[in-house]
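All heavy atoms count here, side chains included; hydrogens, waters and symmetry mates do not. To find a chain, count down the sequence lines: A is the first, B the second, and so on, and within it residues start at 1. What you are looking at is a predicted structure, and each value in this text was computed from that prediction instead of being measured.
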Amino acid sequence: MSPFVHSLRCRLWCDYLGFNDVKLVQDPIDEKFYHETWLNTSKQNTKLFLDVFQVLPDNVLTLSDIKKLEGGIEYDPNFMATLNQIRGILVQFPREFLRDADLHPALLTKENLLPKIVFM
Amino acid sequence: MPLSLGRTVNVTDLIGPSALRSDEIFTPHPEKREIDILKPQNNNNINNKSTDDVIPPPIASIPADHIDLNASVENAEVRKMRKDIKLDIKEERENIVTTVKDKHVEHEFTNADVADEIAARIERGMEKRAAEETNKKERLHLNNSLTMSEGTDDHSRSGLSPEPDKQVAKNNKASEPTKHKHKATYLTDKLRDWTVNIAFSRIDKDRAPTVDVTAEKTTTRNMYVVKSRSDEVLVPEKSGPMRAQIVRSVAHWSAGVPHPESSIHHAMLSAITNAKKFIFVGNQYFISSINRPSPKNRLLKALHRRISEAIRRNENFKVMVVLPVYPAGDLNSPTTTYIIQYVYMSIVRFKSSLLDRLQREFPLVDLEQYITFHSLRSWGVLNGKPVTEQVYVHAKIMIVDDRTLIVGSANINDRSLRGTRDSEICAVVEEEEAYWIESTMGGEDWKVFSTRSLFACGTKLKTGVAVRT
């Protein structure tokens with residue numbers, strides 16, 4: 001493999017996963033790494049974030065819920081203990097984000113009048 | 001050797017190339033900076049000797065005390081020369097003062113700081129010159145051994161050091177009898193040199209002069225082998241020459257080209273199609289389609305085809321995609337929700353989305369084995385309360401098999417990839433096979449795994465012109 005591209009990816013992934021050693025992310029498709037490190041970190045982080053913050057894109061299903069993302073919520077007093085378990089910054093892509101919302105712009109907005117292709 | 005030899009000394013020689021680097025680009029007449037150090041005292045001398053025969057001494061061999069501006073000299077002309085240099089340094093001073101200001105943002109900078117900077121630059125200039133001298137010798141040696149290559153463009157640095165180049169050209173004459181320097185070539189070489197230097201001076205101003213990047217033409221047109229020597233800022237250890245191709249999305253209205261060019265789209269499709277082990281994508285958008293009339297770009301189709309193939313063959317093949325959850329801006333604005341809708345239309349929850357379609361075609365397969373989507377999120381504590389925000393992925397990067405890198409400004413959407421709309425530029429980077437390192441990928445020895453290079457099937461990259469020569 002190419003050391004330049006390889007080292008770039010390793011550095012990126014170390015940031016994502018909160019590692020200091022590039023050797024830990026050397027083989028991206030190793031089953032053990034992929035499932036136990038990459039996917040597991042991602043899922044675990046998502047769960048921990050949800051435990052503390054409760055409202056995240058993962059459970060914002062309608063447009064009215066978006067306000068909750070910005071507003072204050074009751075925090076778990078032991079949040080520091082939970083947050084310190086989070087490794088890196090990688091989380092799962094929230095598949096259910098705005099699932100029940102009508103994302104099509106309303107009839108009389110300028111976005112509705114423009115051709116769709118403008119936004120693609 | 002004293003300075004009183006009939007030679008022209010560039011101010012850059014004394015201050016160091018890096019000092020003038022940014023200035024030179026915008027100065028309309030850089031040659032004005034050249035100071036004739038000593039006009040020949042009697043003309044007979046010059047008539048006897050042709051100027052070409054005078055091989056100027058390499059600047060590195062001049063001891064530092066000879067350019068000491070405080071040294072006492074009696075010669076009136078030399079005194080005048082000193083004055084000139086001081087004047088030039090005065091001009092440079094402004095430049096240096098801004099640099100020093102940057103360094104000492106919080107403190108007040110003093111004259112001593114400026115003096116330190118000048119001294120440091122002179123020292124750095126000397127060091128670099130010495131390094132260049134040895135590098136040039138190496139390159140010359142390399143050129144003679146390589147019959148395939150067209151030869152190094154030594155002129156790329158000639159704006160700063162005309163003398164050593166002449167020397168090299170002289171020695172080169174035996175191997176290259178006809179060497180016509182086209183003006184355009186010269187300019188592009190210079191431009192590239194500047195660009196490289198600017199790029200590195202942005203990374204680390206202090207380290208910039210020590211980075212030595214040389215680009216050499218290969219036999220293939222429009223391609224450059226970028227050689228980098230010993231600097232961890234640029235490349236890690238063991239790294240060798242790399243092939244890089246510039247691809248772009250341009251059209252008549254944006255770049256004046258006769259036909260729209262979407263070579264970024266082609267490069268990405270080609271990279272995905274030829275992927276063997278994994279694909280890592282980090283992008284701000286992910287708007288594409290498998291077979292809907294719009295969006296028109298077919299990245300998703302290529303991904304779908306490659307993953308289906310992997311599932312059918314039961315290959316160990318992975319695709320990791322990192323995206324922001326929602327675009328920057330007001331979440332309530334219709335534009336934002338529209339974009340969210342199109343991103344999800346490409347990924348999940350819609351009949352034509354990638355995951356839904358794959359799940360429909362392979363109901364028994366756990367798709368997590370093959371493709372995962374991620375976003376990034378960080379947290380902090382503000383006023384004793386925990387706060388969180390997504391890490392907004394603004395990078396546009398694609399890494400395939402740890403061998404090919406596509407990085408640039410192109411998002412994955414029709415606006416960036418069609419060519420007729422936004423104008424974008426990307427670089428496709430591949431390291432030469434000889435420099436690949438031993439490693440394993442999914443338990444297999446990955447170095448010997450046979451691969452079809454992206455450039456080997458370069459016909460798929462339609463136009464992608466790097467630098468016109």
Side-chain angles (χ1 to χ4, degrees), chain A residues 1-10 12-13 16 26-31 34-35 38-39 42 45-46 49 52-53 56-57 63 66-67 69-70 72 75 79-80 82-83 86 88-99 101-106 109-112 116-120, chain B residues 235-236 238-239 242 277-278 280 282 287 294-295 316-318 320 322-323 325-326 331-332 334-335 337-342 344 347-349 368 372-379 381 385-386 388 391 399 401-405 413-415 429-431 435-437 439-443 446-447:
Chain A
M1 74 184 69
S2 143
F4 172 71
V5 182
H6 174 70
S7 62
L8 175 67
R9 180 188 60 77
C10 285
L12 265 178
W13 284 22
Y16 291 173
Q26 242 169 13
D27 191 342
I29 60 164
D30 180 46
E31 292 293 341
Y34 184 73
H35 287 284
W38 180 262
L39 280 183
S42 166
N45 283 353
T46 315
F49 270 118
V52 178
F53 298 102
L56 286 180
L63 282 172
I66 282 183
K67 280 171 201 145
L69 268 178
E70 291 144 7
Y75 292 110
F79 66 85
M80 275 313 280
T82 323
L83 284 176
I86 291 171
I89 49 175
L90 192 73
V91 292
Q92 291 285 92
F93 191 76
R95 293 191 182 189
E96 304 297 306
F97 182 49
L98 295 178
R99 186 187 66 196
D102 181 14
L103 294 171
H104 207 77
T109 54
K110 59 182 184 300
E111 284 81 4
N112 195 26
K116 275 185 195 172
I117 202 170
V118 172
F119 302 96
M120 286 179 180
Chain B
V235 272
K238 282 184 188 170
S239 201
M242 277 170 282
K277 298 285 181 183
F278 80 98
F280 167 69
I287 300 175
S294 69
N316 184 6
F317 180 80
K318 315 258 187 250
M320 294 88 154
V322 174
L323 304 168
V325 182
Y326 39 83
L331 258 177
N332 286 312
T335 315
T337 53
Y338 224 161
I339 289 169
I340 293 172
Q341 186 186 18
Y342 283 122
Y344 276 93
I347 298 172
V348 76
R349 290 201 325 239
E368 231 169 43
T372 49
F373 287 89
H374 302 273
S375 64
L376 306 176
R377 179 164 286 277
S378 80
W379 61 274
V381 179
K385 275 190 165 187
T388 183
V391 178
I399 293 175
D401 294 344
D402 268 0
R403 286 176 179 177
T404 307
L405 163 74
N413 57 16
D414 265 13
R415 280 179 55 181
V429 181
E430 273 195 336
E431 209 139 1
Y435 289 85
W436 286 354
I437 50 172
S439 185
T440 55
M441 186 84 78
W446 179 222
K447 193 188 170 185

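The contact between V348(B) and chain A is made entirely by side chain atoms (from C-beta outward), counting heavy-atom distances below 4.5 Å. Heavy atoms closer than 4.5 Å to chain B are found in both the backbone and the side chain of F119(A). Of the two parts of Y344(B), only the side chain, counted from C-beta on, holds a non-hydrogen atom closer than 4.5 Å to a non-hydrogen atom of chain A. In this structure, the portions of R415(B) lying under 4.5 Å from any heavy atom of chain A include both its backbone and its side chain. Proximity to chain B is limited to the side chain of F49(A), based on heavy atoms less than 4.5 angstrom apart. Of the two parts of L405(B), the backbone and the side chain both hold a non-hydrogen atom closer than 4.5 Å to a non-hydrogen atom of chain A.
Between Y34(A) and E368(B), the shortest heavy-atom distance links the atoms OH-O, 2.7 Å. The two residues V5(A) and R403(B) make their nearest non-hydrogen contact at CG2-O, 3.7 Å. Here the shortest heavy-atom pairing between L98(A) and R349(B) reads O-NH2, 3.6 Å.
Heavy-atom pairs under 4.5 Å with chain A peak, among I339(B), T335(B), I340(B), N332(B), at T335(B). Counting heavy-atom pairs closer than 4.5 Å to chain B, the top-ranked of the candidates T46(A), L12(A), L39(A), T109(A) is L39(A). Note on F317(B), Y342(B), W379(B): by heavy-atom pairs under 4.5 Å with chain A, the leading option is W379(B). Highest contact tally toward chain A, considering only I399(B), V391(B), N413(B), is held by I399(B) [criterion: heavy-atom pairs under 4.5 Å]. Between chain A and the options S378(B), S375(B), P295(B), G282(B), the largest number of non-hydrogen pairs under 4.5 Å is found for S375(B). Interface summary for chain B: among L83(A), L8(A), N112(A), D30(A), the most heavy-atom pairs under 4.5 angstrom belong to L83(A).
Side-chain contact check for F280(B) versus P28(A): every heavy-atom pair is 4.5 Å or farther apart. When side chains are defined from C-beta on, L376(B) counts as touching L90(A), because their heavy atoms get closer than 4.5 Å. Contact of the T372(B) side chain with the S42(A) side chain is not registered, since no non-hydrogen atoms from C-beta on lie closer than 4.5 Å.
With hydrogens and angles disregarded, a donor-acceptor distance shorter than 3.5 Å links the side chain of N316(B) to the backbone of I29(A). In this structure, the side chain of R377(B) does not engage the main chain of N45(A) through any donor-acceptor pair within 3.5 Å.
Classification of the H374(B)-W38(A) ring pair by plane angle, with boundaries at 30° and 60°, yields perpendicular. Aromatic ring pairs are classed by plane angle as parallel below 30°, tilted from 30° to 60° and perpendicular above 60°; the pair H104(A) and Y338(B) is perpendicular.
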| request: Mind running side-chain contact (heavy atoms from CB on, under 4.5 Å) on W13(A) and M320(B) for me, showing each step along the way? | output: CA-CA 11 Å; W13(A) 284 22; M320(B) 294 88 154; 3.4 Å; yes
| query | Does the pair L56(A) and V325(B) meet the rule for a side-chain contact (heavy atoms from CB on, under 4.5 Å), with working shown? | reply | CA-CA 10 Å; L56(A) 286 180; V325(B) 182; over 6 Å; no
